[in-house]
Amino acid sequence: MTSTKIFSLLCPKSELQLHVTLQCGQSFRWREISPGKWQGVIGHKVWTLTQDESHIHYSTYPKTSDDEVCTNPKAKQKTKRTNKIDVGQEKSEAVLKDYFRLDFSLEKLYSDWKKADLNFRLLCHEFAGVRMLNQDPVENVFSFICSSNNNIKRISMLVERLCQLYGTKISTLDGTTWHSFPTVSSLAAEGVEETLRAQGFGYRAKFIHKSAQMIMERGGEAWLHSLRSLSYEDCHAELMSLHGIGAKVSDCICLMSMGHLSAIPVDTHVFQIAAKDYLPHLRSCKTLTQKVYCEIGDHFRKVFGEYAGWAHSVLFSADLKRFENLKSQGNHPSQDKQAKRQKIKHNCAK
DNA sequence: ACCCGACCTGCTAT
DNA sequence: AATAGCAGGTCGG
């Protein structure tokens, strides 16, 4: 591998913390290849990211003709010979700024949310630098179809498998081959459902195949991108018409790739957060009805305002970590009882 | 409008 | 060693 230029971008940790932002269940493809060093795919390139107190350091691995060996015949049409000229720093920086939405000042947002909410005030120091990613709608849609009634570890595994099966090879780095995310067309092809079933996707195999076909019927990736210009309500409804996308997943997509930063995906975690800290009367609710779903979203929007979905992600990150801690505490006998008690409490909130 | 069971799979706790 | 329970839900009745 030829040596790769490392560029730097001024960005203090208060504005972006990679380890939280890349691990809080927004995107499922980032890997910490060594402490503090993250690798993943943005667009059709592999990115390596590190940071210090003041800067993000990044390098990219562009495609070369050697890497363009396609196993997927459908994807062959898409590959084209590109010059080996490295993408200039300027363009890379623009991609990075777009992906991390660096045009938003987190300092300003956190400051507003701290004023609005005591709970946020308590968590914001430990969970500084949590950013909403601006993701690709295709990756977002199919990743979150995989997320239903599933855990982050397996979701990540399935998403990676999807890329290996139907994406195109980008680069091989340190023995790991990276693939682009599949095109909608490749997921709509004949036999995809059967293959994915055999590959451990379970009932999501049908959701993926059917939704890919539905998107193709409506105009493919251009249609999906066009949803960005719709109102939140229309965008949410269109996405929900796809198979395997309900209210929660639709809100994830609205928030993470459609630019609707007030969308609140209400899952089990958010339901519990709401019942515990915001809407006590929900503690007696057994199931998350549509009415309660809307009530929780509306409440968060009332508290946090225009960018409530972003604020929700900070709270969600904190809850996710609390949840991880509960599990790992089980390894320490002295803390076992306490962990159990907390877990019971956690479950009762349902 | 609401509730309920079924649903794939792999990891964890018991 | 075997088995129930659960994980960023959705669908159909």
Side-chain angles (χ1 to χ4, degrees), chain A residues 20 22-28 130 132-133 135 140-162 193-211 214 236-237 239-257 263-274 282 284-297 300 309 312-333 335-337 339-340 342-344 346-350:
Chain A
V20 190
L22 299 179
Q23 261 196 317
C24 67
Q26 294 187 60
S27 170
F28 299 99
V130 179
M132 256 351 277
L133 301 176
Q135 299 192 66
N140 202 197
V141 162
F142 292 100
S143 295
F144 277 85
I145 285 178
C146 293
S147 77
S148 73
N149 195 23
N150 207 348
N151 56 71
I152 291 182
K153 194 173 174 182
R154 185 157 81 114
I155 299 164
S156 304
M157 193 184 73
L158 294 180
V159 169
E160 207 48 52
R161 198 167 293 169
L162 203 60
E193 182 184 340
E194 293 72 16
T195 302
L196 293 181
R197 271 274 174 184
Q199 290 289 326
F201 283 71
Y203 56 79
R204 298 165 196 83
K206 190 175 185 178
F207 292 166
I208 291 168
H209 189 215
K210 186 96 180 284
S211 278
M214 292 171 83
H236 190 257
L239 290 167
M240 268 191 73
S241 73
L242 298 173
H243 200 52
I245 298 185
K248 187 267 173 182
V249 169
S250 179
D251 268 321
C252 285
I253 300 162
C254 284
L255 175 63
M256 300 173 186
S257 65
I264 309 285
V266 182
D267 66 341
T268 56
H269 289 275
V270 177
F271 188 23
Q272 285 161 26
I273 292 169
L282 296 182
S284 59
C285 290
K286 290 239 173 200
T287 56
L288 181 58
T289 61
Q290 193 188 334
K291 191 179 158 191
V292 172
Y293 187 99
C294 293
E295 186 185 351
I296 292 171
F300 277 113
H312 136 281
S313 283
V314 180
L315 301 181
F316 180 84
S317 299
D319 198 68
L320 208 57
K321 178 157 185 215
R322 195 177 66 85
F323 198 65
E324 288 302 313
N325 288 342
L326 281 184
K327 285 195 289 189
S328 61
Q329 275 175 18
N331 298 331
H332 305 285
Q335 295 175 330
D336 198 37
K337 276 189 180 173
K340 266 186 189 167
Q342 285 185 13
K343 190 168 181 182
I344 288 164
H346 186 82
N347 288 335
C348 282
K350 277 183 192 173

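Throughout, a chain's letter reflects where its sequence line sits, starting with A, and its residues are numbered from 1.
A straight line from CE of A:Met157 to P of C:dA7 spans 17 Å, rounded to a whole angstrom. Atom C1' of nucleotide C:dT10 and atom CG of A:Asp251 are separated by 14 Å, given to the nearest angstrom. One interatomic measurement links the two molecules: CG of A:Leu315 to P of C:dG8, which rounds to 17 Å at whole-angstrom precision. Per the geometry, NE2 belonging to A:His269 stands 13 Å off P belonging to C:dC6, to the nearest Å. Taking atom CZ of A:Phe28 as the reference point, atom C1' of C:dG8 lies 7 Å away to the nearest angstrom. Summarising the geometry, the separation between CG on A:Leu239 and P on C:dG9 is reported as 18 Å, rounded to the nearest angstrom. Look at CG on A:Asn150: it is 14 Å from P on B:dT12, rounded to the nearest Å. Distance, A:Ile155 CD1 to B:dC8 P: 17 Å, rounded to whole Å.
Distance from the side chain of A:Lys153 is smallest for B:dC11 among the nucleotides C:dG8, B:dC8, B:dC11.
Within the structure, side-chain hydrogen bond (donor to acceptor under 3.5 Å, both in side chains) contacts touching residues 196-208 of chain A (residues at least two apart or in different chains) do not occur.
Considering CD1 of A:Ile264 and CG of A:Leu315, their distance stands at 9.0 Å, rounded to 0.5 Å. Here A:Ser143 contributes atom OG and A:Met256 contributes atom CE; the two are 10.0 Å apart, rounded to the nearest 0.5 Å. Separation of atoms CG (A:Leu162) and CZ (A:Phe142) is listed at 8.0 Å; rounding is to 0.5 Å. How far CE of A:Met157 is from CZ of A:Phe201: 8.0 Å, rounded to the nearest 0.5 Å. From A:Phe207, atom CZ reaches atom CD of A:Glu193 across 10.0 Å, with rounding to the nearest 0.5 Å.
The residue A:Cys24 sits close to a base: some heavy atom pair falls under 4.0 Å. Within the nucleic acid shown, A:Gln199 has no heavy atom closer than 4.0 Å to any nucleic acid atom. Heavy atoms of A:Gly25 sit under 4.0 angstrom from at least one base atom. In this structure, A:Phe316 reaches the bases: a heavy-atom distance under 4.0 Å links it to at least one base atom across the strands shown.
Nearest heavy atoms, A:Ile245 versus A:Ser250: CG2-N, 3.6 Å. Listed here is the closest heavy atom pair of A:Ala247 and A:His236: O-NE2, 3.2 Å.
At least one side-chain nitrogen or oxygen of A:Thr268 sits closer than 4.0 Å to the OP1 or OP2 atom of C:dG9.
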Using a cutoff of under 3.5 Å, can you pull out all pairs of nitrogen or oxygen atoms linking the protein to nucleotides 2-5 of chain C, with atom names and distances?
none

Report each atom pair, protein N/O against N/O of nucleotides 2-7 of chain B, whose distance is under 3.5 angstrom.
none

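Looking at residues two or more places apart in sequence or on another chain, you find a side chain to side chain contact (heavy atoms under 4.5 Å, CB included) between A:Met214 and A:Lys210, A:Arg218, A:Leu242, A:His243. Under the side chain to side chain contact (heavy atoms under 4.5 Å, CB included) criterion, A:Ser156 pairs with A:Phe28, A:Arg31, A:Ile152, not counting sequence neighbours. Residues passing the side chain to side chain donor-acceptor pair (under 3.5 Å) test with A:Gln23: none are found, sequence neighbours excluded. Remark: A:Ser313 pairs with A:Met132, A:Leu255 by the side chain to side chain contact (heavy atoms under 4.5 Å, CB included) rule, at least two apart or across chains. With sequence neighbours excluded, the residues that form a side chain to side chain donor-acceptor pair (under 3.5 Å) with A:Glu160 are A:Arg29. Judged as a salt bridge (charged side-chain N to carboxylate O under 4.0 Å, His left out), and not counting sequence neighbours, the contacts of A:Lys321 are A:Glu126. In this structure A:Asp267 satisfies the side chain to side chain donor-acceptor pair (under 3.5 Å) test with no other residue, sequence neighbours excluded.
Each of A:Phe207 and A:Arg154 lies near DNA chain C, and the nucleotide nearest A:Arg154 is the one positioned closer to the 5' end.
Remark: the separation of the P atoms in C:dG8 and B:dA13 is 14 Å, to the nearest Å. Comparing the same atom, P, in C:dA4 and in B:dA6 gives a spacing of 14 Å after rounding to whole Å. Remark: the separation of the C1' atoms in C:dC11 and B:dG10 is 23 Å, to the nearest Å. Look at the P atom in both C:dG5 and B:dG5: the space between them is 14 Å, to the nearest Å. Only the C1' atoms considered, C:dA7 is 14 Å distant from B:dC7, to the nearest whole Å.
Heavy-atom distances under 4.0 Å link DNA chain C to A:Leu242, A:His243, A:Gly244, A:Ile245, A:Gly246, A:Ala247, A:Lys248, A:Val249 of residues 240-249 of chain A, given in residue order.
Consecutive Watson-Crick or G-U pairs involving DNA chain B, each under 3.5 Å on both distances, make up stems of three or more pairs at B:3-7 with C:9-13, B:9-14 with C:2-7.
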